[in-house]
Amino acid sequence: MFIVISLRTQYSNLGDLAINAILVKRLAQDHEVLCTTSGVPSWYLEEFKAMLDKSAGSTRFEASALSALAAIARAGLSGKRLCLFMTPGAVVHPKPGPQRNFLLTVSKLFPALRFGQVGASYPQLDPATTRLLRAISRKTNYLSVRDAATRDLLAVAGVTVPIVPDLAFKLPRRAGDSGNVLALSFRTSPTETIDILAARLRPIVTAARAQGLEPRLFWQVLQDRETSSALSAALDVPIDDMSDRRPDIETAGAFYKRAAIVCSNRLHALLIGAAYGALPMAVLRADEQKVTGSFDCGGLANFISKSAAEDAALLEELLKDERASGLVQQAFEASAARIEAYFGALAQQK
């Protein structure tokens, strides 16, 4: 199959880099892959390519939209099946209409073109996205989502999709360095201001220090930099050394290997940290859906705290439970197997 995927994403988000690289790397094992890179910063593209290995050596990168269209046309004329893969991760677009309507037009002009998506979630559906997904679902497609809430949301719109875990579960999990760091990485929201977050985290920091851990703030999404600075002042917790842009995967990995626990409301801080051997501890609002859904799907529901009353108890439990690391390992292995089953089925569609 000839697969096209755009690398336009949130360049300042390490999690998006990781899951897109995992996607392209795995697709390239069985298919021809063309990555369109128009508008993609050169530094991001270098990082992206560095995360691929020899198995993705045949992947093509094309910055010119016209050249990409020509390559797609040649593939179609040669009889190859065409598939356009849409973005993994949380699908949030401030103005989705133009892009969704363009894809809808493309799907109508090229009835043989198939669409795929894996490891995605939709917090909500706007009319343009609903029309597009309905049109795609009426013909052969490879759509999937990463949580039950998104599956149910799409079902109400008349779109039936399977659940496949978040692609970060495909990261190979390695042993940590038996670190003594409590890694803290948080985002704010309209209902979670700095003051609210600081009040929630202060008992966790105190309990961690009592257990011999060294709290450290860390951010892997650029927009969290100011949040980390404010939390550092409020909690008297240092920020780990950081670049001005955001860390690359090696820098983040080196930090997470020193962590005993990653405490965060960021899904990919939790999962990348867990992949480097730390225990994930999701500290979430009671109504939070994104991390909750992915953790439920991935077998990590017991690593979630949704109230301040539960936080310190979960921290203590994770530190004392000798089975905790093994449970995370099992969750990663089971989730990776489900992801692999998705790609295995896709490979049969060459």
Side-chain angles (χ1 to χ4, degrees), residues 1-10 13-37 40 44-62 71-72 75 80-91 113-121 136 140-147 150 161-174 248-250 252-253 267-268 271-272 274-276 294 297-299 329 331-350:
M1 192 182 304
F2 188 90
I3 294 177
V4 182
I5 183 168
S6 170
L7 294 190
R8 287 198 174 194
T9 185
Q10 296 182 68
N13 188 323
L14 182 62
D16 284 354
L17 169 70
I19 59 176
N20 277 282
I22 291 166
L23 175 60
V24 170
K25 178 179 176 179
R26 183 58 188 86
L27 287 173
Q29 292 180 25
D30 301 310
H31 311 277
E32 290 183 64
V33 179
L34 172 65
C35 296
T36 62
T37 63
V40 177
Y44 177 89
L45 192 56
E46 289 176 10
E47 281 189 72
F48 185 88
K49 290 179 179 179
M51 289 192 67
L52 305 180
D53 59 19
K54 293 180 180 179
S55 65
S58 61
T59 301
R60 295 173 55 190
F61 298 88
E62 184 55 70
I72 296 167
K80 296 175 183 176
R81 289 183 177 176
L82 303 178
C83 181
L84 189 154
F85 256 78
M86 298 188 293
T87 306
V91 182
L113 176 66
R114 301 175 181 185
F115 286 76
Q117 190 168 43
V118 61
S121 60
I136 293 171
T140 301
N141 69 82
Y142 313 112
L143 299 180
S144 67
V145 296
R146 65 184 178 185
D147 58 62
T150 302
V161 293
I163 298 177
V164 178
D166 186 89
L167 287 169
F169 280 105
K170 196 87 167 57
L171 289 167
R173 189 164 190 265
R174 62 208 78 189
D248 57 28
I249 193 70
E250 291 185 0
L267 175 62
H268 290 124
L271 293 182
I272 294 174
Y276 279 91
S294 291
C297 172
Q329 183 68 34
F332 266 69
E333 290 176 356
S335 296
R338 292 170 62 189
I339 295 168
E340 187 57 32
Y342 169 88
F343 286 113
L346 184 68
Q348 303 303 313
Q349 306 298 316
K350 289 184 178 180

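All values derive from a computational prediction rather than experimental measurement.
Minimum heavy-atom separation, F332 to A168: CE2-O, 3.8 Å. Heavy atoms only, all atoms of each residue included: A331 and F169 are closest at O-CD2, 4.3 Å. The two residues L167 and P88 come nearest to each other via the heavy atoms CD1-CB, 4.0 Å.
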Apply side-chain contact (heavy atoms from CB on, under 4.5 Å) to the pair R146 and L267, showing each step before the final yes or no. CA-CA 12 Å; R146 65 184 178 185; L267 175 62; 3.6 Å; yes
Go through the steps for R173 and E333 under the test salt bridge (charged side-chain N to carboxylate O under 4.0 Å, His left out), then give the verdict. CA-CA 9 Å; R173 189 164 190 265; E333 290 176 356; over 6 Å; no
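The OG1 atom of T37 sits 12.5 Å away from atom CD1 of I5, with the distance rounded to the nearest 0.5 Å.
Geometrically, R174 engages Y276 in a cation-pi contact defined by less than 6.0 Å to the ring centre and at most 45° from the axis.
A salt bridge links E340 with R26: the closest approach of a Lys/Arg side-chain nitrogen to an acidic carboxylate oxygen falls below 4.0 angstrom.
Of the possible polar contacts, one joining the R338 side chain to the C297 backbone as a donor-acceptor pair under 3.5 Å is found. Under a 3.5 Å cut-off, the side chain of Y44 and the backbone N or O of R8 do not form any donor-acceptor pair. Looking only at distances, a side-chain donor or acceptor of S144 sits under 3.5 Å from a matching main-chain atom of Q117.
Two residues are said to be in side-chain contact when any heavy atoms from C-beta on lie closer than 4.5 Å; L171 and I22 meet this criterion. Taking 4.5 Å as the limit, some side-chain heavy atom of F61 sits within range of a side-chain heavy atom of L45.
Side chains of H268 and D16: a donor-acceptor N/O pair is absent below 3.5 angstrom, by distance only. Side-chain atoms of T140 and R114 form no donor-acceptor pair, as typed in the model, at a separation below 3.5 Å.
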